[in-house]
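Working notes for the structure below.
Just so it is clear: chains get the letters A, B, ... in the order the sequence lines come, proteins before strands, and each one is counted from 1.
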Protein chains: 2
Amino acid sequence: MSFFTEQPVTSADKTFFQLRKDIVEGEIEAGSKLSETELSTKYAVSRSVIREAINRLASCHIVERKANVGARVVALTAEGIIDLYQIRESLEGMAARLAAKNMTDDEIADLNMLLNSHFQEVKNDESYYQEAGDVDFHYRIILGSKNNHLISMLFDGLYHLVRMYRVQLGMAGPRVSAAFDEHKHIVQAISNRDEELAEMLMRRHITYSRTNIEQKLVGLGKN
Amino acid sequence: MSFFTEQPVTSADKTFFQLRKDIVEGEIEAGSKLSETELSTKYAVSRSVIREAINRLASCHIVERKANVGARVVALTAEGIIDLYQIRESLEGMAARLAAKNMTDDEIADLNMLLNSHFQEVKNDESYYQEAGDVDFHYRIILGSKNNHLISMLFDGLYHLVRMYRVQLGMAGPRVSAAFDEHKHIVQAISNRDEELAEMLMRRHITYSRTNIEQKLVGLGKN
DNA sequence: ATTAACTAAAGTGTCGACAATATAGTGCAA
DNA sequence: TTGCACTATATTGTCGACACTTTAGTTAAT
């Protein structure tokens with residue numbers, strides 16, 4: 001299968017995860033050049049290991065590599081994040097549709113429990129946990145699709161990029177209670193095995209997020 | 001940007017393209033093990049180059065790698081191709097929607113010309129060209145989405161896997177004249193800038209293909 | 001006969017060195 | 001001053017060697 005659940009075993013794995021973390025969280029800044037020799041001393045591994053890590057990041061579209069020139073961290077553009085959210089809308093919409101079809105009754109029951117615990121947090125205004133809760137919610141539905149390729153595309157590929165944008169553009173989400181209602185309706189549709197509605201609601205949910213982000217971008221004057 | 005238009009410059013590039021070709025076209029059989037040492041002699045390059053090529057193939061989900069064990073070509077399963085077509089339906093549906101929004105009038109005119117030339121071929125029963133024509137049709141719409149990330153996911157990732165299934169399961173498509181009508185309606189929707197309809201028609205078009213393949217799989221007794 | 005420990009072989013993971021390429025800087029000419 | 005050619009430097013691409021892990025085969029004990 002793919003490596004979204006596996007822990008790092010090899011040195012190249014660890015370096016890949018560490019480097020991705022450092023880029024996503026902005027410690028290595030967007031658009032900057034990644035020197036292989038420099039990174040190999042920084043992370044105390046050979047250039048081969050660094051090269052493998054960079055190549056993996058290139059496959060995730062987190063860095064861009066040019067032959068005989070080197071790799072750069074992708075630049076954060078308004079276009080870029082809109083592209084990502086269009087893909088998210090498409091793929092997670094499909095994931096919700098498949099989840100409505102393929103999740104077991106037990107898994108749906110668990111999803112309802114998760115929703116209730118979120119409700120408590122929202123009621124108690126513990127918005128700090130909302131971010132993690134939102135991620136958890138989407139994770140479960142994606143896993144519920146039972147489509148391994150789809151799961152891998154979202155977890156190994158898109159999510160880290162989306163997170164990179166969110167972290168670095170300072171998008172700790174508001175939209176708490178609104179998003180909660182949207183989650184509730186999605187779970188209802190899945191519980192009713194209504195594939196069509198589940199997909200539609202998930203797509204709207206993500207569209208709202210995108211619109212929300214676009215407004216923030218305008219406010220920040222990014223382009 | 002990504003490398004779907006760029007030609008190979010480095011030795012690792014060439015090896016990657018060659019190896020992918022050999023796997024997709026079945027010269028290296030599905031499910032077989034990829035020995036680094038063996039391949040390095042076969043392709044007359046060092047193990048480093050082979051390793052890089054294999055890693056790229058792993059990112060495309062064409063091979064699966066286990067640490068300290070090695071890489072295997074993915075197995076062809078009914079599940080696998082259904083997963084792929086679900087993703088295609090989702091992503092190419094979105095591509096059609098975006099194409100209806102973002103293609104220039106000139107590009108749409110070109111698309112109509114392409115459709116007419118296909119019509120001539122279908123009328124003359126030159127079904128030999130249908131395969132390439134179909135690919136060309138989808139390519140243009142995907143490019144028309146103007147979403148670079150989406151374009152790369154489809155061209156660099158999904159399409160080679162889909163082709164691998166089609167080649168190795170012997171799916172040189174029938175569905176010629178039926179598919180032509182579907183293409184025609186999709187282009188009409190795009191010409192009318194009807195995003196909603198373009199997406200819906202593209203999704204149906206791909207769903208039909210999937211259903212068609214599923215029936216063939218049943219006929220072949222694959223599972 | 002079956003299982004466990006051990007050993008040998010093969011294959012992968014990592015490393016440092018060398019080769020090839022791009023880039024910045026210098027000098028020269030117009 | 002501007003533009004071109006050339007050189008020097010730095011960085012990436014490729015290679016072969018060594019270290020570590022897995023696996024298969026052998027032996028020995030229950």
Find the distance [X]:[atom1] to [N]:[atom2] and express it as a whole number of Å.
X: A:Lys66; N: D:dT11; atom1: NZ; atom2: P; answer: 17 Å
X: A:Glu52; N: C:dC15; atom1: CD; atom2: P; answer: 11 Å
X: B:Arg72; N: C:dT12; atom1: CZ; atom2: P; answer: 11 Å
X: B:Arg56; N: D:dG13; atom1: CZ; atom2: C1'; answer: 12 Å
X: B:Ile50; N: C:dG11; atom1: CD1; atom2: P; answer: 14 Å
X: A:Arg65; N: D:dT12; atom1: CZ; atom2: C1'; answer: 8 Å
X: A:Lys33; N: D:dA10; atom1: NZ; atom2: P; answer: 14 Å

Review point. Does B:Lys14 have a side-chain nitrogen or oxygen under 4.0 Å from the phosphate oxygens OP1 or OP2 of D:dT14?
Key: no
Revision key, fill the gap. Among the nucleotides C:dG13, D:dG16, C:dC15, whichever has the atom closest to the side chain of B:Ser46 is D:dG16
Review point. Checking all strands, does A:Ser48 fall into the base, sugar-phosphate, or nothing category for heavy-atom contacts under 4.0 angstrom?
Key: base
Exercise for review: Using the test side-chain contact (heavy atoms from CB on, under 4.5 Å), find all partners of B:Ser48 that sit at least two apart in sequence or belong to another chain.
Suggested key: B:Ser46
Review point. Sequence neighbours excluded, which residues qualify as side-chain contact (heavy atoms from CB on, under 4.5 Å) partners of B:Val9?
Key: A:Ala67, B:Asp13
Check your understanding: Among residues 35-45 of chain B, which contact DNA chain C at a heavy-atom distance under 4.0 Å?
Key -> B:Ser35, B:Glu36, B:Thr37
[X] and [Y] ion-paired at < 4.0 Å:
X: B:Lys146; Y: B:Glu107; answer: yes
X: B:Glu199; Y: A:Arg203; answer: yes
X: B:Glu36; Y: B:Arg47; answer: yes

Check your understanding: Is a side-chain N or O of B:Arg72 found less than 3.5 angstrom from the main chain of B:Ser32, in a donor-acceptor match?
Key -> no
Check your understanding: If you find the nucleotide of DNA chain C closest to A:Asn68 and the one closest to A:Arg47, which residue's nucleotide is nearer the 5' end?
Key -> A:Arg47
**Study point:** Along DNA chain C (nearest heavy atom to each residue), the more 5'-positioned of B:Leu34 and A:Val69
**Key:** B:Leu34
Practice item. Quick one: do B:Val73 and B:Glu29 satisfy side chain to side chain contact (heavy atoms under 4.5 Å, CB included)? Show the steps, please. Key: CA-CA 7 Å; B:Val73 179; B:Glu29 60 183 333; over 6 Å; no
